[in-house]
2 protein chains.
Amino acid sequence: MIESTLVSVDVIVLRFDPDARAVLVGVATRAQEPFAGELALPGVLLGRGERLRDATTRAVTGKLGLAEKSVTATGQLATFDEPSRDPRGPTLSIALWATVTRSTGDLAVWSRLDAVPALAFDHDRIVADCRPLLADKLWRDVPFTAGLLGPEFTTAQALDVTESLTGDRPYPANLGRTMDRVPGLGRTSEHAAALPKGGRPPLVWKWSSEAVRA
Amino acid sequence: MIESTLVSVDVIVLRFDPDARAVLVGVATRAQEPFAGELALPGVLLGRGERLRDATTRAVTGKLGLAEKSVTATGQLATFDEPSRDPRGPTLSIALWATVTRSTGDLAVWSRLDAVPALAFDHDRIVADCRPLLADKLWRDVPFTAGLLGPEFTTAQALDVTESLTGDRPYPANLGRTMDRVPGLGRTSEHAAALPKGGRPPLVWKWSSEAVRA
DNA sequence: CCAAAAGTGTTAGTGCTACACCCATGC
DNA sequence: GCATGGGTGTAGCACTAACACTTTTGG
């Protein structure tokens, strides 16, 4: 009988901060060795028979101090199998994403996606490898997009999120047409408040009830 | 201390058969319970510290009877975490792909990708879920494409492979332009023999030396 | 009135799909 | 020559990026 590898679940937790106008990643200071005191992605060992989704929320609640209800969506990214990635011994790491709502959580350190600090283990590499995968999900993966932006949002916020994930800011007109083609997403007749600097108040977008459920 | 889940590696083994003019999937009859006598994807339990790549070749050589050298490329697909997928207890399944060369292997049963027989465990679901992922890799993932078609191949074979994976047969002219944009792939001045039925002899395509190495 | 920012309409460019036509083979 | 099937060129179409122009806010 072969002894099996340990499986850890490491989560890239994303939150859109409308004040910072950027997507933030939640990391936590490690309480235990190895790498005690250093920052790392929230991660847990996968329990026997545990679903990946449950392990993801366990990591988010346990390591970042967020409430279970604040997790809006989760999904898979990739698997990392470098045997030397954990000094305690070989562990497989399954990288997942989770989107959470505004409530910040006591233990979480939030940093912009384009300026993630140095992390423990091979987490720098995980973040680097997964960034293009995350950018690809925006406007294509509906649960991901809805989880990140919430049930309703403005064009201005959509511009900020797109810039955070892809690296450049689209023209508002073109982004509007992109969003028109996202299933379950539609314009409303409402307008939000303008930014303090002025400018035209942006449109409010909403998900249809079916899209939110799925 | 939490007891960890067992991790199995299940491989979708692909081979292009120029005679059948189709991409074939290699499955094997299970020797042991559960599901003894039924067909299943080749899979093994991941050993402690074992790389996914090594487990993949171990599954291909052990369960299909192919030589280690015949594995031309491997890669990840997705992870399946349904706890009831194995009657022996909860196991995580990491689905991978492998491309192999012509040598058939004693234990392998080959079937067309569009007519895979009923399989044990949740392997039907794995194949169904991963088919679009595989189709997406063709002409985009260079190691996958090169592994499937080999170091040189004809336009006619490229047409057959595309039809097997995507479900419809492109126009030769358009496929040629698609292949012109694949990095590392180029036309040669050679022509292969025509089919027994006649017709114009197809062009031969080759990978540049750098592409084969990567 | 001016700056800022979003929305509307339009246009050039790009890439994909389909097909008419030409070429090379087996029979 | 005729059927078969790959190769060449080209037209139509959808999608995208870019921008001129308009609208609505704050100062």
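Computed from a predicted model, the values in this text were never measured in an experiment. Just so we're on the same page: letters track the sequence lines, and every chain starts at 1.
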Problem set entry | From CA spacing to verdict: side-chain contact (heavy atoms from CB on, under 4.5 Å), Phe121(B), Asp10(B) | CA-CA 11 Å; Phe121(B) 301 105; Asp10(B) 292 307; over 6 Å; no

For this session: Give the intermediate values and the outcome of side-chain contact (heavy atoms from CB on, under 4.5 Å) for residues Leu134(A) and Trp97(A).
Result: CA-CA 8 Å; Leu134(A) 292 167; Trp97(A) 58 264; 3.9 Å; yes

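Summarising the geometry, the separation between CD on Gln157(A) and C1' on dA5(C) is reported as 14 Å, rounded to the nearest angstrom. Atom CE of Met179(A) and atom C1' of dG7(C) are 11 Å apart (whole Å). Atom CZ of Arg169(A) and atom P of dA18(D) are 15 Å apart (whole Å). Rounding to whole angstrom units, CG of residue Asp160(B) and P of dG5(D) are separated by 11 Å. A straight line from NE2 of His191(B) to C1' of dG5(D) spans 14 Å, rounded to a whole angstrom. To the nearest angstrom, P of dG6(D) lies 10 Å from CG of Leu175(B). In this structure, CH2 of Trp205(B) is placed 8 Å from P of dG7(D), rounded to the nearest angstrom. Spacing between atom CG of Asp168(A) and atom C1' of dA18(D) amounts to 13 Å, rounded to whole angstrom units.
For Arg187(B) and dT8(D), the shortest distance from a side-chain N or O to OP1 or OP2 is below 4.0 Å. Residue Thr154(B) places none of its side-chain N or O atoms closer than 4.0 Å to OP1 or OP2 of dG6(D). An OP1 or OP2 oxygen of dA5(C) is reached within less than 4.0 angstrom by a side-chain nitrogen or oxygen of Lys197(A).
Other residues, nucleotides and ligands contribute only 12 or fewer heavy atoms inside 6.0 Å of the CZ atom of Arg125(B).
A donor-acceptor pair shorter than 3.5 Å cannot be found between the side chains of Ser70(B) and Thr101(B). Side chains of Ser164(A) and Arg112(A): no donor on one and acceptor on the other come within 3.5 Å.
How far CG of Leu203(B) is from OG1 of Thr188(B): 6.5 Å, rounded to the nearest 0.5 Å. Annotation: the span from Leu45(A) atom CG to Thr91(A) atom OG1 amounts to 7.5 Å, rounded to 0.5 Å.
A search for side-chain hydrogen bond (donor to acceptor under 3.5 Å, both in side chains) contacts involving Asn174(B) returns Arg177(B), not counting sequence neighbours.
Residue contacts shown for Ala193(B) are absent, as no nucleic acid heavy atom lies under 4.0 Å away. Pro196(B) comes within 4.0 angstrom of the backbone, heavy atoms only, and of no base.
Partner of Leu52(B) under the side chain to side chain contact (heavy atoms under 4.5 Å, CB included) criterion, chosen from Val9(B), Val7(B), Thr74(B): Val9(B).
The end-to-end axis angle of the helix from dC1(C)-dG27(D) to dC27(C)-dG1(D), rounded to 10 degrees and based on five pairs per end, is 0°.
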Exercise. What string of B, S and - do you get for nucleotides 15-24 of chain C, 5' to 3', if B is base contact, S is sugar-phosphate-only contact and - is no contact with any protein heavy atom under 4.0 Å?
Worked result: -SBBB---BB

